[in-house]
Amino acid sequence: DGEDVSVFAETSGDGNKNQRRKQESAQVRGPETKICRTWRVGFQKIPMRASGSACLIALVLLSAPLLAPAASEPSTGFDGTDAVVQELAVRREDQEECKGNADCDDWCKEQDATACVCRCGDWVPRADMGCEQQKRYCQRQPPHFWGGSFNATAKSLKKRCKKHSAMLIAVTARSCGHCLDFEPSYRWAAPAMDKVGVPLARVDADREKDFSDEHGVTTLPVVRVMYKCKDKGLYKGVQSPAAMEEYARKLVAPALREL
């Protein structure tokens with residue numbers, strides 16, 4: 001951005017005529033005021049009449065929205081009051097660094113936990129799966145079906161899809177241990193997706209075998225796309241809160257209403 005070098009009201013015409021206009025204008029405004037330059041602020045050209053200091057103040061105020069940091073996107077985050085987050089939180093003095101799940105066997109016994117894994121420190125509260133190795137700690141796993149907008153069956157989905165034109169369906173199972181890796185992602189993606197109008201449904205493949213057969217589910221976990229009660233295939237993006245929220249927004253965007 002920056003200033004436009006043209007001067008408001010005096011940009012063309014005979015030089016003498018312009019000079020007379022300046023003198024007449026100065027007599028009307030008084031000696032302490034002047035016409036500020038025409039400033040470009042964003043997409044606007046703004047002429048200002050004021051004293052020099054007032055011009056500077058006005059410029060700062062008008063430019064403030066442009067200098068302010070953009071709102072963080074996406075809107076996914078975490079709720080510190082969530083019961084699971086509070087239950088699984090590890091006190092600093094109990095944290096134990098690790099390189100793999102096997103490193104956490106002794107720690108798990110000390111914590112009287114049934115299953116423990118080596119994951120990023122912010123895995124549960126923020127679905128962080130990509131931290132550096134030295135920032136991984138032993139921790140307990142979240143429960144199955146912790147995340148998502150609602151749990152569904154093949155029967156209930158037929159009703160739900162009439163209410164929601166677009167949905168993502170995360171198919172996991174209690175017998176699938178590594179499916180727990182994605183529970184934090186489902187938990188923190190769901191609230192933002194709900195606001196967009198694209199809920200994240202959960203289906204238990206162990207209990208809904210007919211659904212799995214009908215929709216060609218052969219590996220777990222898997223996320224399928226349902227649009228206007230029709231299965232549109234696999235969601236092939238990253239199963240992270242940010243990626244799923246972004247995909248949900250695209251599903252309801254006007255240009256992509258018909259897949």
Side-chain angles (χ1 to χ4, degrees), residues 74-79 82-85 88 115 117 119-120 122-130 140-253 256 259:
S75 59
T76 49
F78 89 104
D79 179 6
D82 184 275
V84 172
V85 172
L88 298 183
V117 291
R119 296 291 184 270
C120 299
D122 278 342
W123 171 49
V124 169
R126 298 187 187 276
D128 180 12
M129 293 284 287
R140 290 170 292 169
Q141 293 178 305
H144 284 282
F145 296 92
W146 170 43
S149 303
F150 52 80
N151 295 335
T153 63
K155 184 178 180 180
S156 66
L157 278 175
K158 293 180 179 179
K159 296 180 180 179
R160 293 275 191 174
C161 71
K162 295 178 180 178
K163 184 177 180 180
H164 304 283
S165 61
M167 287 191 296
L168 292 187
I169 305 172
V171 186
T172 61
R174 297 180 189 280
S175 60
C176 173
H178 68 273
C179 288
L180 289 174
D181 281 346
F182 300 95
E183 283 299 334
S185 291
Y186 301 150
R187 171 63 181 89
W188 306 124
M193 292 174 63
D194 289 339
K195 291 180 180 180
V196 176
V198 182
L200 176 62
R202 300 295 306 277
V203 171
D204 187 343
D206 288 340
R207 298 181 179 182
E208 298 294 321
K209 296 185 182 297
D210 290 342
F211 176 90
S212 298
D213 293 340
E214 180 183 351
H215 294 272
V217 176
T218 57
T219 60
L220 297 175
V222 67
V223 177
R224 300 197 68 85
V225 181
M226 184 169 285
Y227 191 78
K228 294 185 176 179
C229 294
K230 294 182 180 180
D231 190 324
K232 292 296 183 177
L234 288 173
Y235 162 71
K236 298 180 181 180
V238 178
Q239 292 191 38
S240 69
M244 288 190 286
E245 180 192 352
E246 181 181 3
Y247 185 80
R249 292 182 182 278
K250 291 180 179 179
L251 276 179
V252 293
L256 297 175
L259 298 181

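The basis for the numbers below is simple: all heavy atoms, side chains too, and nothing from hydrogens, waters or symmetry mates. Predicted model only: the values in this text are computed from it and were never measured.
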Heavy-atom pair of closest approach, residues [X] and [Y]:
X: R140; Y: L88; result: NH2-CA, 3.8 Å
X: P184; Y: P142; result: CD-CG, 4.3 Å
X: D204; Y: A173; result: OD1-CA, 3.6 Å
X: P199; Y: D194; result: CA-OD1, 3.5 Å
X: M244; Y: A189; result: CE-CB, 3.8 Å
X: A205; Y: S212; result: CB-OG, 3.7 Å

Atom pair [atom1] ([X]) and [atom2] ([Y]), whose distance is rounded to the nearest 0.5 Å:
X: S149; Y: I169; atom1: OG; atom2: CD1; result: 11.5 Å
X: D206; Y: T172; atom1: CG; atom2: OG1; result: 8.5 Å
X: C161; Y: K228; atom1: SG; atom2: NZ; result: 12.0 Å
X: K158; Y: C229; atom1: NZ; atom2: SG; result: 10.0 Å
X: D210; Y: T153; atom1: CG; atom2: OG1; result: 11.0 Å
X: E245; Y: K195; atom1: CD; atom2: NZ; result: 9.0 Å

Derivation of the side-chain contact (heavy atoms from CB on, under 4.5 Å) call for L168 and Y186: CA-CA 11 Å; L168 292 187; Y186 301 150; over 6 Å; no
Atom CZ of R207: over 12 foreign heavy atoms under 6.0 Å: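 Not more than 12 within 6.0 Å, no.
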Under the 3.5 angstrom rule, does the side chain of [X] hit a backbone N or O of [Y] as a donor-acceptor pair?
X: D122; Y: P125; result: no
X: W188; Y: G147; result: no
X: H178; Y: L220; result: yes

Derivation of the side-chain contact (heavy atoms from CB on, under 4.5 Å) call for V225 and D231: CA-CA 6 Å; V225 181; D231 190 324; 5.8 Å; no
4.5 Å side-chain heavy-atom contact, V223 and V171: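 No, their side chains stay 4.5 Å or more apart.
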Side-chain heavy-atom pair M226, H164 within 4.5 angstrom cut-off: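 No, side chains not in contact.
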Short N-O contact, R119 and D128, less than 4.0 angstrom: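 Salt bridge: no.
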E183 and R202 ion-paired at < 4.0 Å: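 The answer is yes: the pair qualifies as a salt bridge.
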Audit row: V252, V198, side-chain contact (heavy atoms from CB on, under 4.5 Å) steps and yes/no: CA-CA 8 Å; V252 293; V198 182; 3.5 Å; yes
Verdict with reasoning, L157 to M167, per side-chain contact (heavy atoms from CB on, under 4.5 Å): CA-CA 10 Å; L157 278 175; M167 287 191 296; 3.9 Å; yes
Geometric cation-pi criterion R160 and F150, 6.0 Å radius, 45° cone: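 Judged by the rule (NZ or CZ under 6.0 Å from the ring centre, within 45° of its axis), R160 counts as positioned above F150.
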